[in-house]
2 protein chains.
Amino acid sequence: MPDGPSSPTRLGDLERVVMETLWAHERGTLTVRAVHNELAADRDIAYTTVLTVLDRLAKKGMVLRERVGRSWEYRAAASRAELTAASMRHTMEDVDSGDRRAALMHFLDGASTDEVADLRAALAEVERRANPDA
Amino acid sequence: MPDGPSSPTRLGDLERVVMETLWAHERGTLTVRAVHNELAADRDIAYTTVLTVLDRLAKKGMVLRERVGRSWEYRAAASRAELTAASMRHTMEDVDSGDRRAALMHFLDGASTDEVADLRAALAEVERRANPDA
DNA sequence: CGGACTAACTACGTTACGTAGTAGAAACTA
DNA sequence: TAGTTTCTACTACGTAACGTAGTTAGTCCG
């Protein structure tokens, strides 16, 4: 029973590579054949391996698929950014609120200037949305 | 070859429980016996299981230990907050800078008011440090 | 010395995952 | 229509991580 990307399933290396391929075509769908073609350019890999991986990803809810004729068209269930965000949030949520502050401090300590800038911008954006009149 | 908590090793369930126990005594060290006593209060678990888990955690660099007499005293190599932060940062780092903004936006979108407040506070604190004169 | 306690080593079952072969259905093609 | 191609579904096998714990062998205390 697929439960969607809300539960942060751990991905293996190949699974991640396949997700990358799907993400590279964010707005389209890909057949197994198409994914295999892309991967085969870089590595020696069997068609059925790609098939199996996509099937497993679908069962985990990481990818969505729909029938087109006799074959399936796959696409990522969540964008890379969404998945990253969900994973970060999940990580943060498993500390209680006392440690959360400390965790966030450490997080920012280790972040680069660019990352902090992006975060500040995102924070401002969220604020603007919450408070459009100010 | 232990490489410290810098490489975010995935923890199993029991491994995490053991880490929790160590974190609960943040400033002290615990023997295998002590950890086992705590765990045994809640579940049926063999002493040697705890021993094995602590040994594996030590090999991963997740815990540090030192000889005291014939036995070992264990403590967490990183606080829970540090580990959480490292994991979040690691997650964030595997998107390129283009997606990072988007990821952070999604992250904040899903965050609670309290979490956003904590983050804002942490950001201000980091800023204050970087710019003590302003 | 003998029991008690500790750590090292070994082991077994499960699950995830990389990897891929084979079977069978469907479609294309000569 | 029969052969070939192309998909999917099912099955399989090896490895690694991990939960779990027994066995073995020192060491210390009385």
Side-chain angles (χ1 to χ4, degrees), chain A residues 1-3 5 7-22 29-75 83 87 90, chain B residues 1-3 5 7-22 29-75 83 87 90:
Chain A
M1 195 144 299
D3 53 349
S7 62
T9 314
R10 202 75 200 140
L11 296 181
D13 290 344
L14 179 54
E15 289 177 327
R16 180 158 295 270
V17 168
V18 169
M19 289 304 296
E20 304 281 2
T21 306
L22 295 179
T29 60
L30 292 179
T31 60
V32 177
R33 178 64 57 191
V35 174
H36 177 251
N37 282 343
E38 298 220 5
L39 298 192
D42 288 336
R43 56 156 82 194
D44 191 30
I45 190 169
Y47 174 88
T48 50
T49 300
V50 178
L51 183 64
T52 302
V53 170
L54 279 167
D55 191 57
R56 287 179 183 163
L57 287 172
K59 284 190 180 117
K60 288 182 194 176
M62 298 293 300
V63 306
L64 303 176
R65 61 183 180 179
E66 60 182 317
R67 281 272 181 207
V68 173
R70 76 196 133 155
S71 69
W72 295 99
E73 302 247 309
Y74 290 83
R75 62 193 166 86
L83 199 64
S87 172
H90 178 259
Chain B
M1 193 147 297
D3 53 349
S7 64
T9 314
R10 204 74 202 141
L11 296 181
D13 291 342
L14 179 54
E15 290 178 327
R16 180 158 295 270
V17 168
V18 169
M19 290 304 296
E20 304 281 2
T21 306
L22 295 178
T29 60
L30 292 180
T31 60
V32 177
R33 178 64 55 193
V35 174
H36 177 251
N37 283 342
E38 299 221 3
L39 297 193
D42 289 335
R43 55 156 83 196
D44 192 29
I45 190 171
Y47 174 87
T48 50
T49 299
V50 177
L51 183 64
T52 301
V53 169
L54 279 167
D55 191 57
R56 286 178 183 164
L57 287 172
K59 284 189 180 117
K60 289 184 195 174
M62 297 294 301
V63 305
L64 303 175
R65 60 182 181 181
E66 60 182 317
R67 283 270 181 208
V68 173
R70 76 199 132 151
S71 70
W72 295 98
E73 302 248 308
Y74 290 83
R75 63 195 165 87
L83 200 65
S87 172
H90 177 260

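For residues 31-43 of chain B, proximity to DNA chain C is found at B:Val32, B:Arg33, defined as any non-hydrogen atom under 4.0 angstrom from a strand atom.
Between A:Leu54 and A:Leu22, the closest side-chain pair of non-hydrogen atoms falls below 4.5 Å. Residues A:Arg43 and A:Leu14 have side chains in contact (heavy-atom distance under 4.5 Å, counting atoms from C-beta outward).
By the salt bridge (charged side-chain N to carboxylate O under 4.0 Å, His left out) test, A:Glu20 pairs with A:Arg80, sequence neighbours left out. Every residue meeting the side chain to side chain donor-acceptor pair (under 3.5 Å) condition with A:Arg65, not counting sequence neighbours, appears here in chain and number order: A:Asp55, A:Tyr74. Remark: A:Arg16 engages B:Asp94 in a salt bridge (charged side-chain N to carboxylate O under 4.0 Å, His left out) (not counting sequence neighbours). Listed by chain and residue number, nothing satisfies the side chain to side chain donor-acceptor pair (under 3.5 Å) test with B:Thr31 (two or more places apart in sequence, or in another chain). Remark: A:Glu15 engages A:Leu11, A:Val53, A:Arg56, A:Leu57, A:Lys60 in a side chain to side chain contact (heavy atoms under 4.5 Å, CB included) (not counting sequence neighbours).
For the pair A:Asp55 CG and D:dC7 C1', the computed distance is 13 Å after rounding to whole Å. With rounding to whole Å, B:Lys60 atom NZ is found 15 Å from D:dA16 atom P. Distance CZ (B:Arg16) to C1' (D:dG19): 16 Å, rounded to an integer number of Å.
Residue contacts shown for A:Ser71 are limited to sugar-phosphate atoms, with no base heavy atom under 4.0 Å away.
Remark: A:Arg67 CZ to A:Arg70 CZ distance equals 10.5 Å, nearest 0.5 Å.
Ranked by how close their nearest DNA chain D nucleotide is to the 5' end, B:Asp44 and A:Tyr47 are led by A:Tyr47.
A:Thr21 places a side-chain N or O within 3.5 Å of a backbone atom of A:Val17 that can act as its donor or acceptor partner. B:Arg33 places no side-chain N or O within donor-acceptor distance of the main-chain N or O of B:His36, the cut-off being under 3.5 Å.
Bracketed by its first and final contacts, the part of DNA chain C lying under 4.0 Å from non-hydrogen atoms of chain A reaches from C:dC17 to C:dA27 in 5' to 3' order.
When the local axes at the two ends of the helix from C:dC1-D:dG30 to C:dA30-D:dT1 are compared, using 5 base pairs at each end, they differ in direction by 10° after rounding to 10°.
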So which protein nitrogen or oxygen atoms get under 3.5 Å of nucleotides 22-30 of chain D's nitrogens or oxygens?
| from | atom 1 | to | atom 2 | distance (Å) |
| --- | --- | --- | --- | --- |
| D:dG22 | N7 | B:Thr48 | OG1 | 3.3 |

Show the atom names and distances, to 0.1 Å, of all donor-acceptor pairs under 3.5 Å that link a side chain in residues 44-51 of chain B to residues at least two apart or in another chain.
none

